[in-house]
Amino acid sequence: AVVKFERDSRARETQCALTREMVLAKGKLPDDARDPDAVVKFERPKLAYEDIPPDLWSLGALMCSFVGMSFKWKGLTWVGFAFAVAALCNKRTHDADTKQIITGSVFAFSALLIGAMNAWQGAKARSLITGDEL
């Protein structure tokens, strides 16, 4: 157990010395095998307009909002709005078309707005039928 402790402590001292040396040398050691001239900066590949895959979040927003607005299901319009927010948060210029995201977001927002206006109009019609004031 004493031999193992001495071996561990020597390894720890060597590691600390190397770390201290790297800090003082600012990451450039004389025996470093890496070549700094061989480092190539990463660049995203440029995609043509036809090669851009469809954005599934905005497609989900469009479909959920359309079905929710058509059948007057408020829950589905809220799901569509959540998909639109996810599409906006997940936007990357290399893999998403801005027109897809804008279309899904505007449709989701308009479905919520139309649902709210229909609810207000329905409440107004029911108050006229029953004779109550709104």
Side-chain angles (χ1 to χ4, degrees):
V2 175
V3 175
K4 184 180 179 190
F5 177 73
E6 289 176 7
R7 207 174 7 164
D8 289 345
S9 65
R10 276 193 227 129
R12 207 174 297 121
E13 287 174 10
T14 306
Q15 187 178 11
C16 288
L18 283 175
T19 305
R20 198 174 315 116
E21 189 178 333
M22 280 190 75
V23 168
L24 293 176
K26 295 186 178 156
K28 298 175 184 173
L29 292 176
D31 58 341
D32 194 1
R34 297 174 290 185
D35 184 17
D37 297 328
V39 175
V40 179
K41 187 176 178 181
F42 175 76
E43 292 182 12
R44 290 194 184 276
K46 302 291 183 192
L47 296 176
Y49 181 75
E50 295 83 24
D51 296 336
I52 296 175
D55 184 29
L56 297 179
W57 290 112
S58 58
L59 183 65
L62 191 65
M63 296 304 292
C64 289
S65 299
F66 180 75
V67 171
M69 188 175 63
S70 297
F71 296 115
K72 297 180 183 173
W73 294 341
K74 290 182 185 178
L76 208 53
T77 56
W78 279 106
V79 169
F81 185 73
F83 278 167
V85 169
L88 288 171
C89 292
N90 199 29
K91 184 186 180 310
R92 293 184 187 168
T93 55
H94 75 282
D95 65 352
D97 187 15
T98 308
K99 288 188 277 185
Q100 291 177 0
I101 294 173
I102 290 174
T103 303
S105 301
V106 167
F107 204 88
F109 183 72
S110 64
L112 281 177
L113 189 65
I114 288 172
M117 287 172 29
N118 283 341
W120 180 76
Q121 189 71 23
K124 186 176 177 184
R126 282 187 296 276
S127 70
L128 287 176
I129 290 171
T130 60
D132 297 335
E133 295 246 353
L134 190 69

Single-linkage hydrophobic cluster Leu113~Phe81, side-chain heavy atoms < 4.5 angstrom: no

Which heavy atom in Ala87 sits nearest to a heavy atom in Asp55, and how many Å separate them? CB-OD2, 3.7 Å

With a 4.5 Å cut-off on side-chain heavy-atom distances among I, L, V, M, F, W and Y, is there a chain of contacts connecting Phe109 to Phe66? no

Nearest heavy-atom neighbours spanning Thr77 and Ala111: CG2-CB, 4.0 Å

Say whether, by atom type as modelled, one donor and one acceptor occur between the side chain of Ser110 and the main chain of Phe107 under 3.5 angstrom. yes

Could you give the distance from CG (Leu59) to OG1 (Thr103), rounded to the nearest 0.5 Å? 11.0 Å

Using 0.5 Å steps for rounding, measure from the CE atom of Met69 to the CG atom of Leu76. 11.5 Å

Given the options Gln100, Lys99, Met63, Ser58 meets side chain to side chain contact (heavy atoms under 4.5 Å, CB included) only with Gln100

If every non-hydrogen atom of Gly80 is compared with every non-hydrogen atom of Ser65, which pair is closest and at what distance? CA-OG, 3.7 Å

Before giving the answer on side chain to side chain contact (heavy atoms under 4.5 Å, CB included), spell out for Leu88 and Ser105 the whole-Å C-alpha distance, their side-chain angles and the decisive distance to 0.1 Å. CA-CA 8 Å; Leu88 288 171; Ser105 301; 3.7 Å; yes

State plainly whether one hydrophobic cluster holds both Phe83 and Ile101, where clusters connect Ile, Leu, Val, Met, Phe, Trp and Tyr through side-chain heavy atoms under 4.5 angstrom apart. no

